[in-house]
Amino acid sequence: MKIVSTIAELKAATAEARKQNKIVGLVPTMGALHKGHLSLVNKACSECQFVVVSIFVNPTQFNNPEDLRTYPRTLEADTRLLADNTNADVVFAPTVEEVYPEPDTRQFSFGPLAEVMEGKYRPGHFNGVAQIVSKLFMFVEPDKAFFGEKDFQQLAIIRQMVKDLAMNIEIIPCPIVREDDGLAVSSRNTLLTDEFRAVAPFIQETLRKSVEKMSTMTPQETIEWVCRKINNYGNLEVEYYSIVDGLTLQDIESWDDTDYVVGCITVYAGKVRLIDNITYKY
């Protein structure tokens, strides 16, 4: 496994792979890798002959400077984890100056997709995501790119971006990986105090129970029930819970509004912001 920090080195490596007609896969990450990331990389390795893993904490997608400052950075441990547990070919770990030699002033428009949920509570976040992912796509020119379904809205945004920019890249969604107690694995979990780590699995537990109540509650009643249950448990605080059409990400009023219904939630466990989702209909 080769570790590179410049775009030139990265392009040279991918060019060599293409000469050999290898299918190139990309797994974009912000580091602090865990078994969820490893599942993405191993999925990529199973479908591609040459796999690039990027490790870059992208400043343009943080609307909270404190969140950017405290985001875990563990490059040495990350590269060791990848070497020991995957067949990744290249790790691309650039500096901010390498990726953004000048400020990226591009503005992306995703319409209603980006105006709800994370887009509503984290203004500018998805523009920053589109900036970095589009750059990575231009640097690597992958045939396939792999993203986790935990970041459900991000997945929809990236699909839209690929369509808007007419990029010939297949976006591969990968299932959420969970701890044994149900908590969705996340780099942010390392920031949880023992107290909040103990209660955080209640988020997924509540979402699962809400699926069982579909027959007796409307989507709005389900949202209210989920928020009430979580807010009354262990000092957890729901920022939002939305039950939406899984393709448009727009709120639904009735379970019959669409055949694909997903619930997306963000909860504060102390100062740590956790996201999760659950499928009601598919």
Side-chain angles (χ1 to χ4, degrees), residues 1-15 24-33 37 40-41 44 51-79 82 88-110 113-115 118-119 121-148 151 153-169 171 186-188 191 273 275:
M1 187 180 79
K2 190 175 183 180
I3 301 169
V4 303
S5 59
T6 69
I7 297 163
E9 290 173 294
L10 175 65
K11 283 181 172 288
T14 55
V24 176
L26 170 65
V27 182
T29 84
M30 291 209 301
L33 302 186
H37 294 113
L40 297 179
V41 178
V51 172
V52 176
V53 180
S54 65
I55 297 178
F56 179 66
V57 180
N58 175 44
T60 71
Q61 70 190 68
F62 286 83
N63 61 318
N64 181 341
E66 180 66 10
D67 198 13
L68 173 60
R69 188 186 69 79
T70 60
Y71 199 87
R73 292 164 172 82
T74 55
L75 180 59
E76 187 177 333
D78 291 343
T79 53
L82 288 169
D89 296 277
V90 170
V91 173
F92 178 50
T95 62
V96 173
E97 292 74 22
E98 181 73 11
V99 175
Y100 298 110
E102 297 178 2
D104 192 338
T105 58
R106 292 176 298 159
Q107 292 294 316
F108 293 81
S109 177
F110 298 109
L113 273 184
E115 294 168 0
E118 293 295 283
Y121 288 90
R122 300 179 69 187
H125 170 67
F126 286 122
N127 198 71
V129 169
Q131 286 175 341
I132 185 57
V133 174
S134 63
K135 276 179 172 283
L136 290 170
F137 284 176
M138 289 186 282
F139 299 160
V140 178
E141 298 180 56
D143 299 292
K144 300 182 180 186
F146 298 77
F147 294 87
D151 295 290
Q153 187 173 12
Q154 174 178 278
L155 189 57
I157 292 286
I158 289 166
R159 281 178 167 144
Q160 187 63 47
M161 183 194 75
V162 166
K163 183 179 177 183
D164 291 346
L165 298 180
M167 290 178 156
N168 187 26
I169 300 170
I171 303 301
S186 168
S187 303
R188 297 175 192 272
L191 303 175
R273 194 172 183 273
I275 66 171

Considering non-hydrogen atoms only, spot the tightest contact between Q153 and E118 and give its length. OE1-N, 3.0 Å
Locate the shortest heavy-atom distance separating L191 from P72; write the atom from each residue and the value. CD1-CD, 4.4 Å
Where do T74 and A32 come nearest, in terms of heavy atoms and distance? OG1-CA, 3.3 Å
Between P59 and Y100, which heavy-atom pair has the shortest distance, and what is it? CD-CE1, 4.2 Å
Donor on one side chain, acceptor on other, T6 and E9, under 3.5 Å: yes
Once you round to the nearest 0.5 Å, how far does CG of L40 lie from CZ of F146? 9.0 Å
Measure from the side-chain N and O atoms of Q154 to the backbone N and O of V129, and report whether any donor-acceptor pair falls under 3.5 Å. no
Find the distance between CD1 (I3) and CG (L75) and round it off to the nearest 0.5 Å. 6.5 Å
Got a sec, which residues hit side chain to side chain contact (heavy atoms under 4.5 Å, CB included) with L82, two or more places apart in sequence or on another chain? M1, L33, L38, V41, V53, I55, T86, V91
Donor-acceptor under 3.5 Å (T29 side chain, S54 main chain): yes
Compare every heavy atom of S187 with every heavy atom of G31, then report the nearest pair and how far apart it is. O-OG, 3.3 Å
Hey, what do you get for CG (L10) to CD (E141), rounding to the nearest 0.5 Å? 10.0 Å
Check whether any side-chain N or O of Q107 sits under 3.5 Å from a backbone N or O of N127 as a donor-acceptor pair, and report yes or no. no
Locate the shortest heavy-atom distance separating A156 from L113; write the atom from each residue and the value. O-CD1, 4.0 Å
Hey, could you give me each pair passing ring pair (Phe, Tyr, Trp, His ring centres under 6.0 Å) that has a residue in residues 55-79? Not counting sequence neighbours. F62-Y71
E76 atom CD, over 12 foreign heavy atoms within 6.0 Å: no
Separation between OG1 (T60) and CZ (R106), nearest 0.5 Å, reads 9.0 Å
Quick one: does R122's side chain have a donor or acceptor within less than 3.5 Å of a partner on N63's backbone? no
Not counting sequence neighbours, which residues clear side-chain hydrogen bond (donor to acceptor under 3.5 Å, both in side chains) with D89? List them please. none
Using 0.5 Å steps for rounding, measure from the CD1 atom of I171 to the CZ atom of F137. 4.0 Å
Rounded to the nearest 0.5 Å, how far apart are CG of D164 and OG of S109? 8.0 Å
Between E98 and K135, does any side-chain N to carboxylate O distance fall below 4.0 Å? no
